[in-house]
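I have placed the structure first, in the form of structure tokens, so that the comments after it can refer back to it.
Given the structure is predicted, the values throughout are model-derived calculations rather than measurements. Start at 1 and go down the list; that is how both ligands and their atoms are numbered.
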Amino acid sequence: MSTLEIKGLVASVAGKQILNGIDLVVRSGEVHAVMGPNGAGKSTLSAVIMGKPGYEVHAGEVLLDGVDLLALPAWQRAQAGLHLVMQYPTEVPGVGLNDMLTEAFKARGRNTDTLAQEVAAEAERINFPVALLDRSLNVDLSGGEKKRNETLQLALLAPKFAILDELDSGLDIDALRDCARRVEDATNENQLGVLAITHYNRLLEELHPDHVHILVKGRIVASGGPELADQLEADGYEAFTGGEPEGAVQAARPSSLDELFAL
Ligand code: ADP
Ligand code: MG
């Protein structure tokens with residue numbers, strides 16, 4: 001059993017504070033959905049947890065089984081068991097999927113003798129065309145093919161925790177179902193813990209969340225079970241911001257004295 005703990009995370013990008021104190025705990029096998037409107041800070045949260053350069057952390061901790069991830073560069077966070085599926089997968093001309101996976105396996109001390117067969121089997125499982133396996137990473141792939149390819153990597157690397165930043169964006173219904181089901185299978189077969197960031201309920205109909213959190217203006221303003229996503233679908237984000245001006249969300253009380261005095 002592993003634990004990913006996010007405690008009081010405050011972070012900014014380009015001099016603008018985006019995350020205003022995020023607390024979340026994800027355990028092995030659990031699926032947590034983080035839902036929020038455009039600009040709420042969802043991608044920023046995923047970038048800060050994974051260690052994308054350019055973000056400044058002002059307060060808080062991110063711990064994986066007690067290890068301070070914020071002190072590590074992104075590649076060491078990946079080795080520690082964290083994996084990010086990006087909202088917009090990066091194209092890497094000149095680097096093939098097999099090259100990338102071979103290096104990643106070696107870095108994890110894993111045997112690569114049967115990697116080619118594992119990749120082929122996984123491609124079939126997720127309906128990723130085998131003919132595309134020799135392409136450079138994500139180059140000239142459609143939106144759906146890119147996300148299938150990313151999900152294939154996730155399945156093979158078998159991290160402890162995955163952050164899915166809008167896995168559903170740019171996907172048609174079939175690709176969405178295949179990707180979401182593969183992730184769901186990993187939560188059952190490998191006890192993968194998931195932080196699934198999404199706008200819409202659609203993804204959650206396939207990837208069944210245990211917990212749903214609503215992120216508005218860099219704060220989690222509500223947490224609950226799957227019913228919260230249904231409520232959101234029916235009432236919209238207005239219901240969670242009360243239609244009131246910035247910072248006036250009832251559940252988003254200052255969580256520290258410093259914050260209180262800063263108001
Ligand atoms: P979401 O994923 O919830 O739509 P983001 O985390 O992408 O939101 O963005 C949150 C806010 O941070 C937005 O106002 C966005 O313009 C701003 N932001 C994100 N990245 C940068 C950046 N690199 N430079 C400046 N502002 C940024
Ligand atoms: Mg985003």
Under 4.0 Å from a heavy atom of [X]: which atoms of ligand 1 are those, numbered in the order shown and with their elements?
X: P37; result: 3 (O)
X: A14; result: 24 (N), 25 (C)
X: N38; result: 4 (O)
X: T44; result: 5 (P), 6 (O), 9 (O), 10 (C)

Which atom names give the shortest non-hydrogen contact between [X] and [Y], and what distance separates them?
X: V119; Y: L97; answer: CG1-CD2, 4.1 Å
X: H213; Y: L24; answer: NE2-CD2, 3.2 Å
X: M35; Y: N201; answer: CE-N, 4.0 Å

Backbone N/O of Q117 and side chain of T114: donor-acceptor pair under 3.5 Å
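Between the backbone of Q117 and the side chain of T114 there is no qualifying donor-acceptor contact (under 3.5 Å).
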
From atom 15 (C) of ligand 1, is the closest protein heavy-atom distance below 4.0 Å?
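So atom 15 (C) of ligand 1 lacks protein heavy-atom neighbours under 4.0 Å.
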
For ligand 1, does [X] get within less than 4.0 Å through its side chain, its backbone, both, or neither, judged by non-hydrogen atoms?
X: A47; answer: neither
X: S43; answer: both
X: I18; answer: side chain
X: K16; answer: side chain

Looking only at protein heavy atoms, which one is nearest to atom 23 (N) of ligand 1, and how far off is it?
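I find the closest protein heavy atom is V13 CG2, 3.5 Å.
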
When you check the side-chain N and O atoms of N149 and Q153, is any donor under 3.5 Å from an acceptor?
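A pair is found: one side chain offers a donor N or O, the other an acceptor, under 3.5 Å apart.
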
Have S223 and H211 got a donor and an acceptor in their side chains that come within less than 3.5 Å?
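Per modelled atom types, S223 and H211 side chains form no pair under 3.5 Å.
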
Strictly under 2.8 Å, is any N, O or S atom of S46 next to the Mg ion (ligand 2)?
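Checking the Mg ion (ligand 2) against S46, no N, O or S atom falls under 2.8 Å.
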
Please determine whether N38 has a backbone or side-chain N, O or S atom lying under 2.8 Å from the Mg ion (ligand 2).
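It does not; every qualifying atom lies at 2.8 Å or beyond.
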
S46 and I197, any side-chain heavy atoms less than 4.5 Å apart:
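When only atoms from C-beta onward are counted, S46 and I197 do touch, with a gap below 4.5 Å.
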
Answer yes or no for G39: is there a heavy-atom contact with ligand 1 below 4.0 Å?
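A heavy atom of G39 does come that close to ligand 1.
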
Heavy-atom gap S46 to ligand 1 smaller than 4.0 Å
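Per 4.0 Å heavy-atom rule, S46 does not contact ligand 1.
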
Test H208 against E184 for side chain to side chain contact (heavy atoms under 4.5 Å, CB included), laying out the working first.
CA-CA 7 Å; H208 307 289; E184 171 96 350; 3.2 Å; yes

So, taking the atom named CG in D168 and the one named CG in L204, what distance separates them when rounded to the nearest 0.5 Å?
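D168 atom CG to L204 atom CG measures 8.0 Å (nearest 0.5 Å).
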
Between E166 and ligand 1, is there a nitrogen or oxygen pair with a distance under 3.5 Å?
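Min N/O separation from ligand 1 is not below 3.5 Å for E166.
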
So does E206 pair up with R177, basic N to acidic O under 4.0 Å?
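Here E206 does not pair with R177 in a salt bridge, since their nearest N and O are not under 4.0 Å apart.
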
